[in-house]
J.: 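Take a look at this one; I'll ask things after.
What's counted below: heavy atoms across the whole structure, side chains too, no hydrogens, waters or symmetry copies.
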Amino acid sequence: MSDSIYVKGGPIPARRRRAQLNYLLTILPAFPLVLLVLRLWYLSRQDLPTMLLLVQYISPLGMISALFITLIWSVPAVVLVLRLLGSVLLVSAPEDAGRSLVAVTALRMPDWVVLLAAMLAAFTWQLRLLPLLGMLIVAILGLTAVQRFHTERWLMVWITIGVPVLAGVLVLIFVWPGIVQALRLGETSTALLLGVPPLLGPLLTGPVPARAARLVTHWPAVAAALVAPLAIGVVFLRAPVLPSSAVEVGEPGESAKVLRGQLIAVDDTSTTVLEDGGLVKFIPNEQVVSKTLCPEPARPPDSAASVRGWAVTDSALSWIAPTRRVTEVDPRCLGRPLTPR
């Protein structure tokens, strides 16, 4: 039996498909490794000896954890957008779908992967992105029904038009106070993110003109594939991978001083700290008076709008997961000794 995938318009040769998948499977594992190396290079301020020192002491599990926490939002975005664009091409120009890796990937993507991606996005995306998530879900459901099922016309109309319209109305009712507040605050982008996706859902559940199908599906996917690694890299290069700390240093009979930076390692003889300027300090343990962890500085929210008491920059996971509230700032984190002399 042939190993080719058949779609309307002809098969996809198995040899060509395997070659494309081999390239993809080669790049995917290498991309996180490149990110980790670039993060250490960035942290060492492009100094090779410092980078080698960080490689020696930093735990790979810690680096992978930071990578996972920082970029967890991108996984469902890739899965859902790829499934949506591929499904649009499959129902719009099936004779052209055999030449598109996007359409083939969407065709072979299991439904449970889409379901898990939607659930992950619901927990990790900000509230202002949840209307976009709803639009993606109803569009994928409608396109899947058009692609797989051929039943009564009224049922297809209900799946492809009725359900998206009803879902859009419910979403608009829920986010309407946030849209009004965002417009009052002059946050046009937030208002558009909340209000526009529910209106677009019914427009994405059916085919587009065959001549424009590849233009509006394949090439946006290619552009996103080129831009996404750069955007993900920029985000991860700013993620902390070492604990921020303050070390109080002093000798007997002398006033103590505070050294702030990122704690690399503590051994039997010294404490190794990476200062903010990229300089590595080896502090003898007998000179260490005290140490403390310093919280990361909180970034001001991008938006002051809220929807029914829920800040649009918060996610459901941030509400569910316990968080540490900093009520008092340790004086050592401000550069002052704990017990001034």
Side-chain angles (χ1 to χ4, degrees), residues 25-75 77-78 124 225-251 256-300 302 323-324 326 329-338:
L25 294 177
T26 302
I27 294 174
L28 286 181
F31 180 62
L33 180 62
V34 171
L35 282 181
L36 297 179
V37 173
L38 287 178
R39 183 66 184 96
L40 293 179
W41 181 248
Y42 180 82
L43 188 62
S44 64
R45 298 299 190 271
Q46 304 180 28
D47 183 68
L48 185 58
T50 303
M51 177 182 171
L52 295 177
L53 178 68
L54 295 177
V55 171
Q56 180 180 356
Y57 284 105
I58 292 182
S59 168
L61 180 59
M63 293 282 292
I64 295 174
S65 300
L67 178 65
F68 178 77
I69 295 297
T70 305
L71 304 178
I72 189 174
W73 57 269
S74 63
V75 176
V78 172
T124 58
L226 295 176
V227 175
L230 179 61
I232 290 175
V234 171
V235 173
F236 180 65
L237 286 179
R238 300 178 181 178
V241 293
L242 286 173
S244 297
S245 61
V247 181
E248 190 176 6
V249 182
E251 296 184 359
K257 63 179 181 178
V258 176
L259 181 64
R260 298 175 57 192
Q262 294 175 296
L263 188 63
I264 298 178
V266 179
D267 54 27
D268 296 337
T269 60
S270 63
T271 298
T272 308
V273 178
L274 178 65
E275 293 185 316
D276 294 336
L279 183 64
V280 177
K281 289 284 188 179
F282 298 94
I283 308 170
N285 286 337
E286 58 269 14
Q287 297 182 8
V288 176
V289 178
S290 64
K291 298 190 291 281
T292 186
L293 291 177
C294 298
E296 290 292 327
R299 295 180 57 187
D302 299 331
T323 57
R324 177 190 174 190
V326 179
V329 179
D330 193 296
R332 290 168 291 183
C333 296
L334 301 177
R336 299 194 298 265
L338 185 62

J.: Among Leu263, Ile283, Ile264, Val266, which one satisfies side-chain contact (heavy atoms from CB on, under 4.5 Å) with Thr272?
T.: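 Result for side-chain contact (heavy atoms from CB on, under 4.5 Å) with Thr272: Ile264.
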
J.: Walk me through whether Thr124 and Val75 qualify under side-chain contact (heavy atoms from CB on, under 4.5 Å).
T.: CA-CA 10 Å; Thr124 58; Val75 176; over 6 Å; no

J.: Applying side-chain contact (heavy atoms from CB on, under 4.5 Å), run through Glu248 and Thr292 and close with a yes or a no.
T.: CA-CA 9 Å; Glu248 190 176 6; Thr292 186; over 6 Å; no

J.: Below 4.5 Å, heavy atoms only, C-beta onward: do Leu54 and Leu242 meet side chain to side chain?
T.: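 Yes, at least one pair of side-chain atoms sits under 4.5 Å.
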
J.: Side chains of Leu43 and Gln262: closer than 4.5 Å at any heavy-atom pair?
T.: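 Heavy-atom side-chain distance check passes, below 4.5 Å.
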
J.: Got a second to check how far Asp47's CG is from Trp41's CH2, nearest 0.5 Å?
T.: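 If we round to the nearest 0.5 Å, Asp47:CG and Trp41:CH2 are 7.5 Å apart.
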
J.: Would Thr269 and Asn285 count as a side-chain hydrogen bond (donor to acceptor under 3.5 Å, both in side chains) here? Give the steps.
T.: CA-CA 6 Å; Thr269 60; Asn285 286 337; 5.7 Å; no

J.: Provide the closest heavy-atom pair for Ser245 versus Cys294 in the form atom of the first, atom of the second, distance.
T.: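 Looking at all heavy atoms of both residues, the closest pair is C-SG, 4.0 Å.
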
J.: Roughly how far, to the nearest 0.5 Å, is the CG atom of Leu259 from the NZ atom of Lys281?
T.: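 Answer rounded to 0.5 Å: 7.0 Å.
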
J.: Partners of Tyr42 by side-chain contact (heavy atoms from CB on, under 4.5 Å), sequence neighbours excluded?
T.: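 Listed in chain order: Arg39, Leu237.
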
J.: Considering only heavy atoms from C-beta outward, does the side chain of Val37 approach that of Met51 to under 4.5 Å?
T.: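 SC-SC contact between Val37 and Met51 confirmed.
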
J.: Identify the heavy atoms of Pro331 and Pro337 that sit nearest to each other, and give their distance.
T.: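 Here Pro331 and Pro337 meet closest at CB-O, 4.4 Å.
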
J.: Is it true that a side-chain atom of Arg332 and a backbone atom of Val247 form a donor plus acceptor pair closer than 3.5 Å?
T.: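 Judged by distance alone, no pair lies under 3.5 Å.
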
